[in-house]
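Note that these values count all heavy atoms, side chains included, but never hydrogens, waters or copies made by symmetry. Because the structure is predicted, anything quoted here is derived from the model rather than measured.
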Amino acid sequence: MNEKTLQAVIEEITPQLIGQKFGRIFPLSKLNFAIDFRLNEGNYLFISLETFAPRLYLFKRKLRDLEKQSINSHPFILLLKKRLSNSIVQKIFKDENERIVRFYLQADDEIEGLKNYALIVQLTGRSANLFLLDENDFIIDSLRDNLGDGQTIATKFSPPIREKENRDNSVLFAQNEFPTLSEALDDYYQQIEAKKLFEAQAKSAQAKIKQEITKREKLQKKMRQDLENHGSADKWKRLGDLLLANLADAARIDETVLVVDYFDENTPTIEIEVEPNLSLTEAAEKFFKRYTKARNAKVELEKRLDILAQELQNLELQKAELDKAISENDLAEFLPEKKETKQLKNKEKRDDAFKGARKFISSDGFEVLVGKASKDNDYLTFRIAKSLDFWLHAADYGGSHVVVRNPNRLIEIPHKTLLEAAQLAAFFSQAKEQPKVAVNYTQKKFVNKPKGAVAGLVSLSSFKTILVEPKYSLEKV
């Protein structure tokens with residue numbers, strides 16, 4: 001805020017503040033404050049000491065919003081409350097050629113009687129600060145610890161020394177269509193704050209997705225290394241079989257056993273390394289154990305690698321959706337969900353209150369729910385669906401979660417219902433224009449929410465896949 005604008009603000013607010021009582025002070029952050037001078041229409045004095053934009057003006061806020069936003073008070077703020085509470089504003093002025101505003105107040109102390117104070121609002125960039133002065137302009141205390149003459153406690157206040165003399169050639173801030181300059185400034189800085197908040201939220205959402213992708217890529221690399229370390233199951237079985245087949249004729253030299261390879265049509269003699277303290281039968285048994293371990297590990301690791309690959313595809317889709325949301329300035333679906341402040345009395349009320357799903361009835365009479373947005377998908381899957389309900393989603397594409405209610409706790413649902421639900425999952429996905437779409441389905445108990453994952457992202461511990469045509473064949477309830 002330049003001097004011309006600050007001077008105009010002081011001329012605007014002075015008639016409203018003179019004679020008013022100093023009321024509550026709300027610390028909105030470490031460097032932002034709102035002071036209640038008991039003005040009409042919810043007006044408060046706003047002071048910001050942010051280095052990038054120190055400023056002062058009146059703004060309109062609801063009391064409950066200020067109370068909700070307030071943080072714990074700094075000791076200096078507690079001192080202001082103690083010394084200035086109910087004090088009367090006597091005069092306000094701005095120092096010439098300085099971005100420093102002085103509020104002179106008179107307090108009625110029960111013991112010492114009338115006492116005069118000055119609240120100094122110093123809007124000078126890096127040295128921006130608040131000071132409380134006594135009647136002789138000596139500093140009683142300050143919000144921040146500044147250095148320099150006239151800036152430390154118990155010294156007589158004077159403006160900070162400028163590193164170099166500069167002329168203020170800036171122009172008065174344009175009021176435009178706003179009734180007051182304060183309102184114009186408030187609108188301008190709110191837009192700046194909103195932009196900064198959006199950029200911070202976008203950066204946070206991008207970092208979260210990147211972190212999830214990196215974590216899975218590392219896990220994927222580790223699993224592939226584990227798979228390689230286990231070796232070929234067929235190799236271990238073959239070595240064990242050859243040792244047993246050559247028990248009578250094998251030649252043993254230290255840690256090497258020479259055997260005939262009956263699996264090769266040329267029956268060559270090959271070498272097998274065997275620990276010297278093991279018999280050939282024990283060595284064969286050890287190879288068979290390695291075979292069993294490698295075989296089982298391959299099945300389990302390949303299954304987990306498939307799940308990881310699907311999660312990575314989903315994350316890439318989420319990343320693309322986030323980039324699109326950022327370009328459209330709409331991050332609503334990527335912001336963390338607020339915690340529920342009230343618990344619904346029972347599941348039925350919760351279901352009835354939920355408006356984030358389309359409802360259908362299948363040809364076999366099963367209720368089918370289709371999520372509308374990412375947050376709705378999460379709520380539908382993890383708050384509405386029960387453990388044995390069936391869950392469907394288009395494979396490799398972003399789209400709606402689909403839940404088929406399973407009140408009779410069936411192990412399988414009728415094929416026609418499965419087909420209709422899968423067609424809906426394909427239709428309400430990014431693959432709706434494709435002739436055929438693969439749809440994953442499983443029971444809800446096999447659907448998990450990765451820690452820290454964005455809305456709509458899940459992992460499946462077990463699932464099957466059906467190929468269907470994207471279709472909207474059921475009537476909406």
Side-chain angles (χ1 to χ4, degrees), residues 1-14 16-37 44-51 53-59 73-107 109 114-163 168 182 185:
M1 179 179 284
N2 61 52
E3 285 186 52
K4 289 181 181 178
T5 302
L6 182 58
Q7 182 62 51
V9 168
I10 298 307
E11 291 173 1
E12 177 182 272
I13 69 175
T14 296
Q16 301 179 62
L17 294 182
I18 295 298
Q20 296 297 124
K21 287 186 177 181
F22 188 103
R24 295 175 63 183
I25 180 168
F26 301 92
L28 307 180
S29 71
K30 290 182 179 180
L31 298 174
N32 291 333
F33 308 92
I35 302 177
D36 181 9
F37 282 99
Y44 299 86
L45 178 67
F46 176 71
I47 300 171
S48 175
L49 305 177
E50 298 283 0
T51 302
R55 56 198 185 274
L56 175 153
Y57 47 77
L58 291 180
F59 70 2
S73 293
H74 184 279
F76 177 73
I77 301 304
L78 296 177
L79 175 67
L80 291 185
K81 291 178 180 179
K82 179 180 178 181
R83 296 289 186 97
L84 301 182
S85 182
N86 290 319
S87 61
I88 308 296
V89 179
Q90 303 295 311
K91 59 180 178 178
I92 306 169
F93 72 85
K94 185 185 84 65
D95 287 10
E96 188 176 356
N97 298 323
E98 296 286 354
R99 288 176 294 165
I100 294 174
V101 181
R102 301 177 184 240
F103 291 80
Y104 287 96
L105 303 107
Q106 187 176 75
D109 190 279
L114 295 178
K115 296 201 67 175
N116 294 312
Y117 296 99
L119 177 64
I120 305 296
V121 183
Q122 183 170 284
L123 305 175
T124 51
R126 287 183 297 176
S127 60
N129 207 348
L130 287 179
F131 298 89
L132 180 65
L133 311 185
D134 64 15
E135 58 188 3
N136 297 314
D137 287 345
F138 280 87
I139 299 173
I140 298 173
D141 202 356
S142 61
L143 180 70
R144 302 166 64 189
D145 294 328
N146 281 7
L147 300 177
D149 294 338
Q151 293 281 297
T152 57
I153 296 173
T155 64
K156 192 167 185 176
F157 174 80
S158 63
I161 299 174
R162 295 181 181 179
E163 295 181 1
D168 188 357
S182 286
L185 288 165

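Counting only N and O atoms by type, the side chains of Q7 and E11 include a donor and acceptor under 3.5 Å apart. In the model, R55 has a side-chain atom that pairs as donor or acceptor with a side-chain atom of S48 under 3.5 Å.
Taking the centre of each ring, F157 and F138 stay at or above the 6.0 Å mark.
Nearest heavy-atom pair, L79 versus I140, reported as atom, atom and distance to 0.1 Å: CD2-CG2, 4.3 Å. Closest non-hydrogen pair, P159 versus Q151, comes out as C-NE2, 4.0 Å.
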Candidate pair D109 and L114, rule side chain to side chain contact (heavy atoms under 4.5 Å, CB included), full reasoning: CA-CA 6 Å; D109 190 279; L114 295 178; over 6 Å; no
Working for side chain to side chain contact (heavy atoms under 4.5 Å, CB included), residues I35 and L80: CA-CA 11 Å; I35 302 177; L80 291 185; 6.0 Å; no
V9 and V101: CA distance, side-chain angles, deciding distance, side chain to side chain contact (heavy atoms under 4.5 Å, CB included) verdict: CA-CA 11 Å; V9 168; V101 181; over 6 Å; no
Worked verdict on I100 versus I120 for side chain to side chain contact (heavy atoms under 4.5 Å, CB included): CA-CA 7 Å; I100 294 174; I120 305 296; 3.7 Å; yes
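A side-chain donor-acceptor contact under 3.5 Å links R144 to the backbone of A128. Formation of a donor-acceptor pair under 3.5 Å by the Q20 side chain with backbone atoms of F37 is found in this model. Remark: side-chain polar atoms of K94 are paired, donor with acceptor, to backbone N or O of E98 under 3.5 angstrom.
Residues L56 and I10 meet the side-chain proximity criterion, which asks for heavy atoms closer than 4.5 Å. Using a 4.5 Å heavy-atom threshold, the side chains of L49 and L123 count as touching. Contact of the H74 side chain with the P27 side chain is not registered, since no non-hydrogen atoms from C-beta on lie closer than 4.5 Å. Residues F22 and F103 are not in side-chain contact: their nearest non-hydrogen atoms beyond the backbone lie 4.5 Å or more apart. Residues L58 and L45 have side chains in contact (heavy-atom distance under 4.5 Å, counting atoms from C-beta outward).
With sequence neighbours left out, R24 forms a salt bridge (charged side-chain N to carboxylate O under 4.0 Å, His left out) with E67. Listed by chain and residue number, S182 satisfy the side-chain hydrogen bond (donor to acceptor under 3.5 Å, both in side chains) test with E12 (two or more places apart in sequence, or in another chain). Partners of F59 according to the ring-ring contact (aromatic ring centres under 6.0 Å, His included) rule, which considers only residues two or more places apart in sequence or in another chain, are F46. Residues satisfying the side-chain hydrogen bond (donor to acceptor under 3.5 Å, both in side chains) test with D134, not counting sequence neighbours, are none.
Here the CZ atom belonging to F76 is positioned 6.0 Å from the CG atom belonging to L143, to the nearest 0.5 angstrom. In this structure, the separation between CG on D137 and CD on E135 is 10.0 Å, given to the nearest 0.5 Å. Note that CG of L78 is 5.0 Å distant from OG of S73, once rounded to the nearest 0.5 Å. Taken from OG1 in T124 to CZ in R126, the straight-line distance is 10.5 Å, to the nearest 0.5 Å. For the atom pair L133 CG and Y104 OH, the distance stands at 7.0 Å (nearest 0.5 Å). Rounding to the nearest 0.5 Å places CZ of R99 at 14.0 Å from NZ of K4.
Counting only residues at least two apart or on different chains, no salt bridge (Lys or Arg N to Asp or Glu O under 4.0 Å) pair has a member in residues 73-82.
Within 6.0 Å of CG in N116 there are more than 12 heavy atoms belonging to other residues, nucleotides or ligands. Within 6.0 Å of CG in D145 there are 12 or fewer heavy atoms belonging to other residues, nucleotides or ligands.
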Can I get a per-line list of side-chain donor-acceptor pairs under 3.5 Å for residues 85-93, giving both atom names and the distance, sequence neighbours left out?
| from | atom 1 | to | atom 2 | distance (Å) |
| --- | --- | --- | --- | --- |
| N86 | OD1 | R38 | NH1 | 3.3 |
| N86 | OD1 | R38 | NH2 | 2.8 |
| S87 | OG | L84 | O | 2.6 |
| Q90 | NE2 | I88 | O | 3.3 |

